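Keep in mind the model is a prediction, meaning the values are calculated, not measured. Heads up: numbering here begins at 1 and tracks the sequence.
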Amino acid sequence: MTDETETAAAGPGRNLLSGPQPEVARAAGYADAPPRMGFFTDTSVCIGCKACEVACKEWNAIPEDGLELTGMSYDNTQGLGADTWRHVAFIEQRKPLGGQEPGIGHDDVDVFTAARSLGTSPSSPGPGATAPASDARQPAGAPTGEISPLAPDGRTELRWLMSSDVCKHCTHAACLDVCPTGSLFRTEFGTVVVQEDICNGCGYCVPACPYGVIDQRPDDGRVWKCTLCYDRLGVGMEPACAKSCPTDSIQFGPLEELRERAAARVAQLHASGVTDARLYGEDPDDGVGGDGAFFLLLDEPEVYGLPPDPVVTTRDLPSMWRHAGAAAASLAALAVVSFARRPR
């Protein structure tokens, strides 16, 4: 049988290395597991407040991580790591917002020049203004009595994409598969958690993660990552990041319900003219079997620093072992033939 046939024929209680696996907790040995829980992050309503980062650090007692600006935006945590389990990305683009007339270029727009011109004309009010002057000429399409988001020629100067990234809690978690001590384990909620007191600092899980999420602390070498607030889930509480999110950009709940909610949200955005809206990590047929934390994006995954087609790094282990076994058998047979033909 092929790998695909084996995957399709396997029952829900068998732990697979790739392909759809609807009952990950049962496959991990939990006979009466609750529904799989997860995150749906709707980046279209993220305001970049970083409340999730702060709540995550406070609840999990995560140390301060430098707060160094990237030099390209207001992002002062730069990426996920051992001391950053939630990371809010700030992505600045010279690109029209969804719903506007397509094909409008922004290569000739200097956002810093535009910022310096604030307050110098009626169509560009200064800081603190809540509405243009009553005698100001409004660009077409501007709401009455409000500052227009459109420049007089119909262009936007800048758009911000903000997204709160986190561990994906993959269906097929390569970090868990390669851990030699059992420090990484699957919970009854389908999430993947690190037991730091068992971690020996080998670092095998770090290159195994297709998203580059899991990381070691330099002082002791142990790995750390999001636990999806396993301690809070155990007592019926919502994860700290989702609880603190003021816009419900981070939504927590049963994974199947979140997928339905996300599909409806994408349809709503498409109907509103935001045709670039798409889901990332929700598909059980993708290279990691679907993520427990998935996203609604407004551009290509690479724009957000996400791999376009992540694949669990242990997917090909059965095939590799079969090829290694065949090679060993061939060498053994060659050795036997060589000795058998040797003159006596």
[atom1]/[X] to [atom2]/[Y] distance, rounded to the nearest 0.5 angstrom?
X      : Y      : atom1 : atom2 : answer
Ser44  : Leu298 : OG    : CG    : 5.5 Å
Thr191 : Met37  : OG1   : CE    : 10.0 Å
Thr227 : Leu233 : OG1   : CG    : 7.5 Å
Lys243 : Trp59  : NZ    : CH2   : 11.5 Å
Leu306 : Ser163 : CG    : OG    : 6.5 Å
Phe40  : Arg265 : CZ    : CZ    : 7.5 Å

Are the charged groups of [X] and [Y] less than 4.0 angstrom apart, N to O?
X      : Y      : result
Arg278 : Glu300 : yes
Arg86  : Asp165 : no
Lys225 : Asp215 : no

Return yes if some donor-acceptor pair links the side-chain N/O of [X] with the main-chain N/O of [Y] below 3.5 Å, else return no.
X      : Y      : result
Ser272 : Gln268 : yes
Thr77  : His87  : no
Ser183 : Gln195 : yes
Gln216 : Gly201 : yes
Thr84  : Gly81  : no
Asp299 : Val303 : no
Glu196 : Arg222 : no
Thr247 : Val45  : yes

Quick one, [X] and [Y] - any side-chain contact, counting heavy atoms below 4.5 Å?
X      : Y      : value
Met162 : Ile91  : no
Cys49  : Pro246 : yes
Cys167 : Ile214 : no
Cys226 : His169 : yes
Val266 : Leu296 : yes
Val88  : Cys52  : yes
Glu238 : Cys229 : no
Phe39  : Cys241 : yes

Task: Sub-6.0 Å ring centroid separation between Phe294 and Tyr280 - done: no
- [ ] Apply side-chain contact (heavy atoms from CB on, under 4.5 Å) to Ile62 and Cys56, showing your working.
- [x] CA-CA 8 Å; Ile62 303 173; Cys56 178; 3.7 Å; yes
TODO: Inspect the surroundings of CG in Asp32 and state if more than 12 heavy atoms from other residues, nucleotides or ligands are less than 6.0 Å away.
DONE: no
Open item on the list: I'd like to know if the side chain of Trp224 pairs up with that of Asn60 as donor and acceptor (distance under 3.5 Å, no hydrogens or angles considered).
Closed with: no
Task: Short side-chain donor-acceptor distance under 3.5 Å, Asp42 and Gln251 - done: no
Heavy-atom closest pair, residues [X] and [Y]:
X      : Y      : answer
Ser244 : Ala51  : OG-O, 3.3 Å
Val312 : Ala174 : CG2-CB, 3.7 Å
Arg36  : Gly190 : NE-O, 3.9 Å
Arg186 : Tyr30  : O-OH, 2.8 Å
Pro210 : Pro310 : CB-CB, 4.3 Å
Leu279 : Ala263 : CD1-N, 4.1 Å

Task: Where at least one partner belongs to residues 197-212, residue pairs that pass side-chain hydrogen bond (donor to acceptor under 3.5 Å, both in side chains), sequence neighbours excluded - done: Tyr211-Asp291
- [ ] Report the C-alpha distance between Val166 and Trp85 in whole Å, list the side-chain angles of each, state the deciding distance to 0.1 Å, and finish with yes or no for side-chain contact (heavy atoms from CB on, under 4.5 Å).
- [x] CA-CA 6 Å; Val166 71; Trp85 300 0; 5.8 Å; no
